[in-house]
Novice: 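Got a structure here, written out as structure tokens. Questions coming.
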Amino acid sequence: MNHYISQDTTFKIRETIPTLTIIVPCYNEAEVFIHCVNALKKIIVDLISRKKIQQNSYILFIDDGSKDNTWSQIIEAANQSAHVQGLKLSRNRGHQIALIAGLSVVETDVCISIDADLQDDIKCIERMIDRYMLGNDIVYGIRNDRSSDSFFKRMTANIFYSSMSAMGVNQIGNHADYRLLSKRALEALLEFKEQNLYIRGLIPLLGFQSDKVFYTREERIAGESKYPLRKMLGLAIEGVTSLTVTPLRLICALGFLTCFVSFLAIIYILIAKFTGQAIEGWTSVIISIFFLSGVQLLSLGVIGEYIGKIYMETKCRPKFFIDEQIED
Ligand code: UDP
Ligand code: MG
């Protein structure tokens, strides 16, 4: 590695051509699979011919327990090309675990994760490799804007990311799971043994030199989103509970506030009683019972969410099982 010193950064320029794995988690992606495999194969072949990556680079498809014929299409593609490999999980475990399953079998110098619908611009793959050669261990794919999202998705994502940053969580804006990791960054990521997995929140915790490439995200070409509202909410809860305990502190603050308001109310009630102004206060009693029970239940729910996470972590269950693996 040579050192190239620019005005404010020292780049450790890499000289050896890397081997690359492109990791693609797939859940019921039969409708987009052919398009995906052809486009990615073209990129791999082109990068090999221009000596940007080694000949033994490949695409690794992870079938996350699909119910359609995604796996048989992966087998067929692997039979036709040395640049295609596959991994089949024993059942559907969700995008994050499918991704970590793929990452855990990677042996190449670099890996790039991307969704099967190729909404993320595949031209960035080459730019990511270029940034890797400049000495970066992590290269984030960043969306320029969210215009290809529905209004609802855009709004909920904005609320989620701004509340995460208000809670002090350092996340890379407009970045999902399209990124390059060097071998050592990947090894560092795999040191995180937690069940409560929110990969995009863990990557900034790794450190190492990183860079960003920007692109415009297209709409899904076929099939429907595999992230319905239920899964999106699940991912958001994983994200919050994985990265911050601020919600627990907020509950504490809310408790203090309620105590303070109750204290004022007690003074008022006592004054009213001793000055003979006490009246039958059905409305206020009922409202406060409903309100305080709501606050208490919500608070218990948040605390329960964290206790549930502790419970799952203590079991140290294996995150996934590999059913089949096709290698070159
Ligand atoms: N995915 C997965 N397991 C799941 C759900 C999704 O492996 O349980 C994969 C899916 O096949 C795709 C990626 O995760 O490659 C992202 O899903 P999608 O494109 O549907 O999400 P969106 O872009 O709508 O957020
Ligand atoms: Mg998508």
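Count residues from 1 along the sequence.
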Novice: More than 12 foreign heavy atoms under 6.0 Å from NZ of K41: is that the case here?
Specialist: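 Buried by this count: over 12 neighbours within 6.0 Å.
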
Novice: Taking all heavy atoms of N28 and all of S66, pick out the closest pair and write down the distance.
Specialist: N-OG, 2.8 Å

Novice: Any donor-acceptor pair under 3.5 Å linking the side chain of Q96 with the backbone of I199?
Specialist: yes

Novice: Any chance the side chains of Q209 and D137 put a donor and an acceptor closer than 3.5 Å?
Specialist: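 Side-chain D/A pair, Q209 to D137: absent.
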
Novice: Side chains of T156 and F160, heavy atoms from C-beta outward: is any pair under 4.5 Å?
Specialist: no

Novice: If I take atom OG from residue S104 and atom CD1 from residue I322, how far apart are they, to the nearest 0.5 angstrom?
Specialist: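 These two atoms lie 6.0 Å from each other.
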
Novice: For T70 and C26, which heavy atoms make the closest approach, and how far apart are they?
Specialist: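 Heavy atoms of T70 and C26 come nearest at CG2-CB, 3.8 Å.
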
Novice: Is the number of heavy atoms from other residues, nucleotides or ligands within 6.0 Å of OH (Y311) greater than 12?
Specialist: no

Novice: Between D323 and R91 (salt bridge meaning N to carboxylate O under 4.0 Å), is one present in this structure?
Specialist: no

Novice: Heavy-atom distance under 4.5 Å between the side chains of K193 and E313, does that happen here?
Specialist: no

Novice: Whether the D109 and T19 side chains hold a donor-acceptor pair (N or O, under 3.5 Å, no angle test) is what I'd like checked.
Specialist: yes

Novice: Identify the two heavy atoms, one from L103 and one from L190, that lie closest to each other, and give their separation to 0.1 Å.
Specialist: O-CD1, 3.9 Å

Novice: Going through the checks in order, is the side-chain contact (heavy atoms from CB on, under 4.5 Å) test met by L40 and V84?
Specialist: CA-CA 10 Å; L40 290 179; V84 177; over 6 Å; no

Novice: So if I apply the side chain to side chain contact (heavy atoms under 4.5 Å, CB included) rule between H95 and each of I100, D64, I62, D177, which one comes out positive?
Specialist: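 Passing option: D177.
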
Novice: Find out whether H35 and L118 are in side-chain contact, i.e. whether some heavy atom of one side chain is under 4.5 Å from a heavy atom of the other.
Specialist: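 A side-chain contact under 4.5 Å exists here.
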
Novice: Drop me the distance from L292's CG to T258's OG1, to the nearest 0.5 angstrom.
Specialist: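 Spacing of CG (L292) from OG1 (T258) equals 6.5 Å.
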
Novice: Heavy-atom distance under 4.5 Å between the side chains of I303 and Y306, does that happen here?
Specialist: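 Side chain of I303 against side chain of Y306, heavy atoms only: no contact under 4.5 Å found.
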
Novice: Under 4.0 Å between a side-chain nitrogen and a carboxylate oxygen: does that hold for R220 and E29?
Specialist: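 Salt bridge flag = yes for E29 with R220.
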
Novice: Nearest 0.5 Å please: distance from the CZ atom of F214 over to the CG atom of D121.
Specialist: 13.5 Å

Novice: Flag yes if more than 12 heavy atoms outside F291 fall under 6.0 Å of its CZ atom; otherwise flag no.
Specialist: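 It does not: F291 CZ has 12 such atoms or fewer within range.
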
Novice: Distance only, no hydrogens: is a donor on one side chain within 3.5 Å (strictly under) of an acceptor on the other, for Q73 and D68?
Specialist: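 No.
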
Novice: Salt-bridged, E187 to K183, with N to O below 4.0 Å?
Specialist: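 Salt bridge absent between E187 and K183.
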
Novice: Heavy atoms only: give me the nearest Y178-I114 pair and the separation to one decimal.
Specialist: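 Heavy atoms of Y178 and I114 come nearest at CE1-CD1, 3.6 Å.
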
Novice: Can you see which heavy atom on S113 is nearest to which on L99, and at what distance?
Specialist: CB-CD1, 3.6 Å

Novice: Should D46 and K42 count as an ion pair when the cut-off is N to O under 4.0 Å?
Specialist: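 No, D46 and K42 are not salt-bridged.
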
Novice: Please tell me if the side chains of V37 and E76 come closer than 4.5 Å, counting only heavy atoms from C-beta onward.
Specialist: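 The answer is no; the side chains never approach within 4.5 Å.
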
Novice: Go through the steps to decide whether V240 and M164 satisfy the test side-chain contact (heavy atoms from CB on, under 4.5 Å), and finish with yes or no.
Specialist: CA-CA 7 Å; V240 174; M164 286 288 266; 3.6 Å; yes

Novice: Assess whether atom CZ of R154 is packed by more than 12 heavy atoms of other residues, nucleotides or ligands within 6.0 Å.
Specialist: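 Yes.
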
